[in-house]
Amino acid sequence: MDVAEDMDIEQQQPLPNTSNRFGIKNSIQTNFGNDYVFQIVPKADRSSRIVSTYNIAPKLKSYPTGQYIGECNGHSSTINQIDFSSPRVLHSCSSDGTLRAWDTRSFQQVFSVSGGPSQEIFSFSFGGANHNLLVAGCNSQILFWDWRTKRQVAGLEESHTEDVTQSHFIPGYDDRLISVSVDGLMCLFDTGGDINDDEQLVSVLNVGTSIGKVGFLGEKNQKLWCLTHIETLSTVGVLFVWDWKDERTVASFEDARPLASKSWMTDNVDYFVDCHYSVEEDRFWVIGGTNGGSLGYFPVSYKETRTIGPPEAVLCGGHESIIRSVLSGVPGETMDNHGIFGWTGGEDGRLCCWLSDGSGTSQSWISTLALISEKTRKKSRPSPY
């Protein structure tokens with residue numbers, strides 16, 4: 001079992017601002033050797049969740065205890081993305097050039113496609129007008145399969161010149177695909193007909209620097225956000241909001257990191273991990289982190305006024321290094337009836353569970369086993385995509 005059982009309780013002082021303070025419920029030493037906790041993905045029913053590390057096997061852990069359930073073995077190189085296509089089927093893509101599906105009851109492989117020799121697959125998405133397309137960012141190409149027949153049906157080779165880091169069908173628009181790349185381009189495609197570079201490319205936005213993540217927000221997902229990579233520290237912190245229907249830039253926060261740092265009186269933002277959008281509240285947050293392992297949820301106003309406000313939630317005391325993945329609810333609320341606000345995973349190999357204690361102070365439950373093992377952890381930092 002990889003859940004540390006010996007816990008030390010550490011009292012922390014309240015933050016000198018009005019941010020909601022979240023304490024550690026549990027800090028789990030993953031025992032993944034020198035690997036990062038790179039991605040956390042829940043099942044739809046949240047009965048369990050997957051943790052992808054900088055490793056070759058996705059690991060399944062229970063919700064909400066974090067106890068190890070099993071893992072899916074088959075990849076021979078780094079896993080770059082994982083996601084559920086159904087409550088029982090997990091998909092993963094890897095730098096070994098394959099995209100695989102797993103039955104999470106038996107942990108056996110049930111599906112596999114390959115991008116070809118010397119290829120790396122960095123991202124994937126399911127969609128299409130007939131819900132039959134599986135698309136993957138494979139080096140600088142975008143490849144399409146019919147997932148029902150496992151047959152490759154198309155490939156876009158000219159739209160990007162460098163690695164495609166994310167590819168997403170737009171929710172509610174099954175035939176529209178967004179791809180982003182290290183080349184700084186966000187491309188919008190119409191996949192409704194014959195898929196080719198000449199006719200299906202609808203529009204392009206040049207961000208000007210390597211794009212790491214993209215997501216959707218606003219009414220009917222008409223807008224999308226993108227963040228630059230965390231490795232490029234000279235340009236990290238660039239946040240764009242793009243109206244893909246009207247083909248216009250809504251907001252460009254090229255100084256997003258300094259703006260967030262200025263509003264955080266107790267720390268500086270070294271990178272952005274992710275963004276979070278609440279459909280119910282129509283509110284948008286950018287999640288910034290420090291090299292020491294703290295996180296802040298910064299509200300973003302991108303309409304009439306373009307501002308980044310003080311953090312409305314702060315998570316600190318669980319990690320000792322850069323945080324790579326966040327799974328959380330809306331600041332001020334919990335994710336479920338367990339009182340859990342969220343989970344984070346980082347380069348220190350920890351998986352941390354957070355909840356609010358409703359007071360001005362915080363308690364951190366930190367595993368002594370985790371602290372001891374960190375002394376022998378290697379400090380090399382591979383590429384995040």
Side-chain angles (χ1 to χ4, degrees), residues 17-23 25 39-50 63-64 83-87 125-127 166 168-174 176 178 213-227 239-246 248 250-251 253 256 259-260 263-264 272-289 295-315 323 325-345 352-358:
N17 56 33
T18 58
S19 302
N20 289 321
R21 178 80 162 188
F22 290 86
K25 178 183 180 182
Q39 188 179 5
I40 308 170
V41 178
K43 280 188 177 180
D45 60 3
R46 297 194 184 274
S47 61
S48 60
R49 68 182 183 281
I50 282 286
Y63 185 92
D83 206 357
F84 283 95
S85 61
S86 73
S125 182
F126 288 89
Q166 298 264 280
H168 292 287
F169 284 100
I170 301 176
Y173 304 86
D174 296 329
R176 295 301 172 102
I178 289 287
K213 286 190 176 183
V214 65
F216 304 95
L217 72 157
E219 184 179 2
K220 297 181 180 180
N221 297 311
Q222 184 170 331
K223 298 177 179 63
L224 62 84
W225 56 263
C226 76
L227 288 173
L239 170 64
F240 282 86
V241 180
W242 188 34
D243 189 316
W244 60 267
K245 270 195 169 182
D246 294 342
R248 63 183 178 89
V250 176
F253 295 89
L259 284 174
S263 69
W264 195 355
F272 288 131
V273 184
D274 212 334
C275 292
H276 188 90
Y277 176 69
S278 169
V279 177
E280 293 77 11
E281 298 183 12
D282 188 26
R283 297 194 64 201
F284 181 50
W285 294 267
V286 61
I287 305 173
L295 279 185
Y297 282 66
F298 299 86
V300 178
S301 175
Y302 62 89
K303 298 177 182 178
E304 292 79 12
T305 60
R306 293 175 174 83
T307 59
I308 296 178
E312 295 183 356
V314 172
L315 283 61
I323 296 173
S325 183
V326 179
L327 173 66
S328 72
V330 175
E333 300 179 6
T334 57
M335 296 175 64
D336 55 27
N337 57 11
H338 296 286
I340 294 174
F341 172 71
W343 295 82
T344 54
C352 293
C353 178
W354 303 85
L355 78 166
S356 175
D357 60 8

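All values below were derived from every heavy atom in this structure, side-chain atoms included, with hydrogens, water molecules and symmetry-related copies excluded.
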Is a donor on one side and an acceptor on the other found under 3.5 Å between the side chain of [X] and the backbone of [Y]?
{"X": "N221", "Y": "P171", "result": "yes"}
{"X": "Y173", "Y": "K220", "result": "yes"}
{"X": "S301", "Y": "T307", "result": "no"}
{"X": "K213", "Y": "Q166", "result": "no"}
{"X": "S325", "Y": "G345", "result": "no"}

Find the distance between [atom1] ([X]) and [atom2] ([Y]) and round it off to the nearest 0.5 Å.
{"X": "L224", "Y": "K245", "atom1": "CG", "atom2": "NZ", "value": "13.0 Å"}
{"X": "W242", "Y": "F216", "atom1": "CH2", "atom2": "CZ", "value": "10.5 Å"}
{"X": "I323", "Y": "I287", "atom1": "CD1", "atom2": "CD1", "value": "10.0 Å"}
{"X": "L327", "Y": "D274", "atom1": "CG", "atom2": "CG", "value": "10.0 Å"}
{"X": "F284", "Y": "L217", "atom1": "CZ", "atom2": "CG", "value": "5.5 Å"}

Min side-chain heavy-atom separation [X]-[Y] under 4.5 Å:
{"X": "W264", "Y": "V314", "value": "yes"}
{"X": "L227", "Y": "L239", "value": "yes"}
{"X": "R283", "Y": "P299", "value": "yes"}
{"X": "S328", "Y": "Y297", "value": "yes"}
{"X": "I170", "Y": "I178", "value": "yes"}
{"X": "D83", "Y": "F126", "value": "no"}

Heavy atoms only: give me the nearest [X]-[Y] pair and the separation to one decimal.
{"X": "G309", "Y": "S263", "result": "O-OG, 3.2 Å"}
{"X": "F84", "Y": "K43", "result": "CZ-CG, 3.4 Å"}
{"X": "L315", "Y": "T344", "result": "CD2-CG2, 4.1 Å"}
{"X": "Q222", "Y": "D246", "result": "NE2-OD2, 3.7 Å"}

(request) Would you indicate whether E281, at its atom CD, is surrounded by more than 12 heavy atoms from other residues, nucleotides or ligands within a distance under 6.0 Å? (result)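 Atom CD in E281 is packed in, count exceeds 12.
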(message) Is the ring pair H276/W285 parallel, tilted or perpendicular, if the boundaries are 30 and 60 degrees?
(response)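 Geometry flag for W285 against H276: tilted rings.
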(message) Could you walk me through whether V286 and F253 satisfy the side chain to side chain contact (heavy atoms under 4.5 Å, CB included) test, starting with their C-alpha distance in whole Å, then the side-chain angles of each, then the deciding distance to 0.1 Å, before giving a yes or no?
(response) CA-CA 11 Å; V286 61; F253 295 89; over 6 Å; no
(request) Taking the six-membered ring for Trp and the single ring otherwise, decide whether the centroids of W225 and F272 are under 6.0 Å apart. (result)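 Ring centres of F272 and W225 not closer than 6.0 Å.
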(message) Any donor-acceptor pair under 3.5 Å linking the side-chain atoms of Y277 with those of K223?
(response)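 Side-chain D/A pair, K223 to Y277: absent.
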